[in-house]
**Q** 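Here you go, one structure.
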Protein chains: 4
Amino acid sequence: MNKTERRQALLRAARDVFATRGYHEAKVDDIVAVAKVAKGTFYLYFPDKRSVFSELVDLLFQRLGAAILQVDPAADVDAQVKHNIRAIVAVLLDDPALTRILLSHATGMDPAFVTKIRSFYDGVKTMLSLSLAEGQRLGIVAPGDTKLLATFTVGALKELLAENAVGETPLAREAIVDTLFCFLQAGYLRTGGSSPAPALPVTAPSVTPARPRRRR
Amino acid sequence: MNKTERRQALLRAARDVFATRGYHEAKVDDIVAVAKVAKGTFYLYFPDKRSVFSELVDLLFQRLGAAILQVDPAADVDAQVKHNIRAIVAVLLDDPALTRILLSHATGMDPAFVTKIRSFYDGVKTMLSLSLAEGQRLGIVAPGDTKLLATFTVGALKELLAENAVGETPLAREAIVDTLFCFLQAGYLRTGGSSPAPALPVTAPSVTPARPRRRR
Amino acid sequence: MNKTERRQALLRAARDVFATRGYHEAKVDDIVAVAKVAKGTFYLYFPDKRSVFSELVDLLFQRLGAAILQVDPAADVDAQVKHNIRAIVAVLLDDPALTRILLSHATGMDPAFVTKIRSFYDGVKTMLSLSLAEGQRLGIVAPGDTKLLATFTVGALKELLAENAVGETPLAREAIVDTLFCFLQAGYLRTGGSSPAPALPVTAPSVTPARPRRRR
Amino acid sequence: MNKTERRQALLRAARDVFATRGYHEAKVDDIVAVAKVAKGTFYLYFPDKRSVFSELVDLLFQRLGAAILQVDPAADVDAQVKHNIRAIVAVLLDDPALTRILLSHATGMDPAFVTKIRSFYDGVKTMLSLSLAEGQRLGIVAPGDTKLLATFTVGALKELLAENAVGETPLAREAIVDTLFCFLQAGYLRTGGSSPAPALPVTAPSVTPARPRRRR
DNA sequence: AATGAATGAGCCTTCATTCAT
DNA sequence: CATGAATGAAGGCTCATTCAT
């Protein structure tokens with residue numbers, strides 16, 4: 001087993017132990033036991049326990065970052081949004097252990113760590129928020145505080161995935177995507193050409209037929 | 001300072017330290033330092049570190065349990081839902097430290113503990129899910145998997161409150177309530193009597209001008 | 001309840017707790033709980049935990065010292081020895097708790113303490129040894145190392161009393177005295193002047209007259 | 001130093017500290033200081049403080065168990081009894097520290113522990129008692145309550161060894177064996193068929209051929 | 001590189017003792 | 001005198017990290 005493989009083995013072992021026990025309850029002894037290496041070996045590949053955890057979280061962040069595409073309002077928005085949801089769900093459900101770490105166990109750590117994780121989510125929310133704002137400009141997103149809407153979205157997604165990561169009743173992947181999409185759509189997306197459902201008081205509704213429509 | 005006051009002081013101190021550092025990073029030394037008592041005093045009031053934490057979580061559960069009212073579909077549903085949202089928000093924002101504990105730091109603990117907290121959320125979701133099912137029967141809730149809708153709702157609420165508990169930019173309380181309410185309403189509530197806004201794939205979207213509008 | 005009574009109550013409570021749990025496992029909390037006084041009160045009557053224990057041991061020593069009489073070889077030795085045995089047994093069995101303390105729990109303490117207790121036993125053995133030497137001079141004690149004989153005697157007595165102090169099956173007091181006396185008598189006492197000191201009732205003398213028998 | 005050696009070193013260190021200070025006063029810090037290892041090392045070899053103690057006691061029990069032979073009444077009883085005494089004395093005096101632990105410091109511990117030690121002694125006494133009963137059947141042991149005689153014997157032996165374990169004046173080993181043997185023989189052994197069981201050289205056996213007298 | 005024995009700082013908890021009321 | 005809340009030193013044990021082999 002070469003260096004890279006051993007490193008991977010340790011990362012996988014760490015991931016599983018962290019996911020099962022949480023950061024503090026996961027002992028280095030447990031990790032090396034799972035990886036079937038000696039304790040000292042662990043420290044040949046990682047400077048300390050913290051950094052393995054950190055690396056795992058970073059890895060998931062990368063995957064998520066790579067999966068999420070900026071929505072181009074000029075193209076088929078529905079499809080892009082669905083694609084994004086699907087991609088995120090895929091990344092997270094493909095590695096439930098890592099997901100569990102991110103969603104549940106990444107807390108109660110150094111403030112530095114919590115900050116890091118929060119930063120990621122903040123990034124996601126900001127990105128989403130900007131997209132939503134753009135969508136509002138184009139009339140395909142209901143008016144409203146986009147920051148809040150982003151928060152709602154992320155929260156709903158996290159909760160859903162957390163539930164599935166815990167894993168008692170794993171939902172069908174596409175079902176999750178569809179349901180969440182519909183929820184969002186009926187919530188603040190105005191993409192389907194279907195009903196308007198403004199999320200917040202629309203001042204001056206107007207009856208003028210000139211009114212711009214989405215997805216007509 | 002009598003026994004009850006001292007107990008309260010210790011609980012408050014523990015709450016703050018747990019909220020800031022998380023369970024494992026919170027040392028009994030920190031707690032007693034904040035409470036300005038000797039270490040032994042802590043153990044006069046609580047059998048161990050775990051139990052203070054447990055008590056804090058229970059306390060919040062109780063408050064939340066007391067705040068949430070079962071929605072009576074016969075009466076003004078909007079008002080009741082808003083009231084519930086407002087009550088929950090009030091409980092949690094009144095004690096951001098405790099909220100932080102519940103939302104962030106209660107994980108990575110004994111499985112027993114995680115189970116306990118999950119049980120609480122499961123309870124909330126089940127209750128909500130039942131209400132939603134009843135609402136569906138009455139036609140004031142969009143069709144769909146009520147369990148999932150409940151998950152979305154709880155997730156959105158948690159995320160929102162977590163963000164506020166972290167506390168950099170506390171939103172106006174009523175703004176939170178309104179925004180969330182609107183989100184839910186446009187999402188799956190059909191209380192306004194107006195248009196349906198189906199939560200799940202709407203067959204035949206239509207472009208008919210007769211299309212019903214909400215909030216016109 | 002006056003000062004003396006309270007002091008006695010505390011001593012009794014301490015005695016019982018020490019006897020049951022041993023010195024280290026006996027907490028001041030236990031003692032005051034049994035005595036039904038507050039913790040601080042304990043320290044009004046005794047400077048510290050150690051000294052109560054010490055006082056209890058001293059008390060028993062005093063009683064034993066008072067009970068044991070120097071044997072006068074001129075008078076009826078048998079009776080005096082029996083009396084001594086009886087007296088010692090009486091003192092110790094009258095207060096099994098205190099006995100348990102002396103025999104079992106007085107160890108594993110400060111070297112100072114162990115020394116004290118050993119001193120007592122040394123005193124007893126020395127006294128006994130001197131008596132035995134005098135007895136040897138008078139021909140009523142078998143020759144031999146009197147120090148050793150004293151040790152045997154004390155050991156046999158201690159073991160017997162320890163067994164009874166533990167108290168599962170308390171022997172009849174007089175039975176103890178008789179048995180021990182016979183043991184000693186057949187062992188090294190030559191007091192009866194009579195036959196080879198039958199340890200117990202002699203039944204069935206034997207058939208072969210040729211072979212010298214004991215206990216014929 | 002390999003694992004076994006280190007383990008032995010720790011056991012020895014623990015034995016000495018326990019023997020000197022007793023269980024409660026012996027701190028793990030003391031033990032590792034004597035063994036010249038770090039505190040953590042102790043816990044690599046033993047799960048806790050209790051278990052070292054337990055192991056030490058067990059060790060001595062084993063040695064004693066191995067040393068004591070069931071007496072075969074068909075063969076030379078005297079020799080066998082002497083051998084047993086010699087073996088026990090050898091085991092205990094070879095390791096005075098361990099002996100001290102067994103005889104003095106094994107008390108005042110968990111009831112579980114006290115029970116264990118008492119069980120051992122009970123076992124010894126029972127074994128001895130059975131042998132004595134068998135001896136009575138064969139006419140080589142004086143009649144009497146064998147349980148009591150066993151208690152006396154064990155007590156005498158314990159006291160003797162305790163005295164020697166404390167170690168101010170170590171007696172010659174064979175002297176101990178002889179003296180104890182004579183004590184027992186004159187006490188309840190009827191083995192030699194020889195003279196009327198004088199505890200020690202009988203001067204002037206008597207004139208009357210019919211009735212053997214001692215010390216008349 | 002790999003091993004795993006050794007390290008020791010640090011934590012939770014206990015409990016004898018003190019002291020304000 | 002009596003109380004019992006408060007104190008804080010001390011001890012058993014854990015575990016991340018180091019290092020000799």
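Any value given below was found using the heavy atoms of this structure, including those in side chains, with hydrogens, waters and symmetry copies removed. Labels below follow one simple rule: chain letters A, B, ... track the order of the sequence lines, proteins then strands, and each chain is numbered from 1.
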**Q** Closest-nucleotide mapping onto DNA chain F: is B/Asn2 or D/Leu44 further toward the 5' terminus? I mean the 5' end.
**A** B/Asn2
**Q** Rounded off to whole Å, could you give me the CD-to-C1' distance for the D/Glu25 and F/dA10 pair?
**A**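 About 12 Å, once rounded to whole Å.
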**Q** Tell me, please, which residues at least two apart from A/Arg6 pass salt bridge (charged side-chain N to carboxylate O under 4.0 Å, His left out).
**A**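 Scan of A/Arg6 (salt bridge (charged side-chain N to carboxylate O under 4.0 Å, His left out), adjacent residues dropped) gives none.
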**Q** Checking A/Asp94 now: which residues fulfil salt bridge (charged side-chain N to carboxylate O under 4.0 Å, His left out) with it, not counting sequence neighbours?
**A**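 Salt bridge (charged side-chain N to carboxylate O under 4.0 Å, His left out) list for A/Asp94, sorted by chain: A/Arg173.
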**Q** The criterion is side-chain contact (heavy atoms from CB on, under 4.5 Å); which residues satisfy it with A/Ala14, sequence neighbours excluded?
**A** A/Phe18, A/Ile31, A/Val52, A/Leu56
**Q** Between D/Arg7 and D/Glu55, does the salt bridge (charged side-chain N to carboxylate O under 4.0 Å, His left out) criterion hold? Intermediate values first, please.
**A** CA-CA 12 Å; D/Arg7 199 167 197 286; D/Glu55 186 163 334; 2.6 Å; yes
**Q** Tell me: NZ of C/Lys36 to C1' of F/dG4, nearest whole Å?
**A** 17 Å
**Q** Who pairs with D/Asp30 by salt bridge (charged side-chain N to carboxylate O under 4.0 Å, His left out), at least two apart in sequence or on another chain?
**A** D/Arg21
**Q** Let me know the distance between CD of B/Glu5 and P of F/dA5, rounded to the nearest Å.
**A**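 To the nearest whole Å, that distance equals 14 Å.
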**Q** Roughly how many Å is it from CZ in D/Arg21 to C1' in F/dG11, rounded to a whole number?
**A** 14 Å
**Q** Quick one: salt bridge (charged side-chain N to carboxylate O under 4.0 Å, His left out) partners of C/Lys49, sequence neighbours excluded?
**A** none
**Q** Across the strands shown, which category fits D/Ala35 at heavy-atom distances under 4.0 angstrom: base, sugar-phosphate, nothing?
**A**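 The residue D/Ala35 makes no contact with any strand.
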**Q** Rounded to the nearest angstrom, tell me the gap between atom NE2 in D/His24 and atom P in F/dA10.
**A** 18 Å
**Q** Judged by modelled atom types alone, do D/Ser119 and D/Asp122 share a side-chain donor-acceptor pair under 3.5 Å?
**A**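 There is no such pair between these side chains.
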**Q** Write down the distance between NZ (B/Lys3) and P (F/dT3), rounded to a whole number of angstrom.
**A** 15 Å
**Q** In whole angstrom, what separates C/Lys27's NZ from F/dA10's C1'?
**A**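 Distance, rounded to whole Å: 13 Å.
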**Q** List, with names and distances, any nitrogen or oxygen atoms from the protein found under 3.5 Å away from nitrogen or oxygen atoms belonging to nucleotides 17-21 of chain E.
**A**
{"from": "E/dT17", "atom 1": "OP2", "to": "C/Tyr43", "atom 2": "OH", "distance (Å)": "3.1"}
{"from": "E/dT17", "atom 1": "OP2", "to": "C/Lys49", "atom 2": "N", "distance (Å)": "3.1"}
{"from": "E/dT17", "atom 1": "O4", "to": "C/Lys39", "atom 2": "NZ", "distance (Å)": "2.9"}

**Q** Please determine if a side-chain N or O atom of D/Arg6 lies less than 4.0 Å away from the OP1 or OP2 oxygen of E/dA5.
**A** no
**Q** Just grab all the salt bridge (Lys or Arg N to Asp or Glu O under 4.0 Å) pairs involving residues 31-46 of chain B, residues at least two apart or on different chains.
**A** B/Asp29-B/Lys39
**Q** For DNA chain E, what string of dots and brackets results from 5' to 3' when Watson-Crick and G-U pairs need both distances under 3.5 Å, crossing pairs get [ ], and pairs with another strand get |?
**A** .||||||||||||||||||||
**Q** In whole Å, I'd like the distance from the CZ atom of B/Phe46 to the P atom of F/dA5.
**A** 14 Å
**Q** Looking at every strand, decide which applies to D/Tyr45 at a 4.0 Å heavy-atom threshold: base, sugar-phosphate, or nothing.
**A** sugar-phosphate
**Q** Only counting residues at least two apart or in another chain, list the ones meeting side-chain contact (heavy atoms from CB on, under 4.5 Å) with B/Gln8.
**A**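 B/Gln8 satisfies side-chain contact (heavy atoms from CB on, under 4.5 Å) with B/Leu11, B/Arg12 only.
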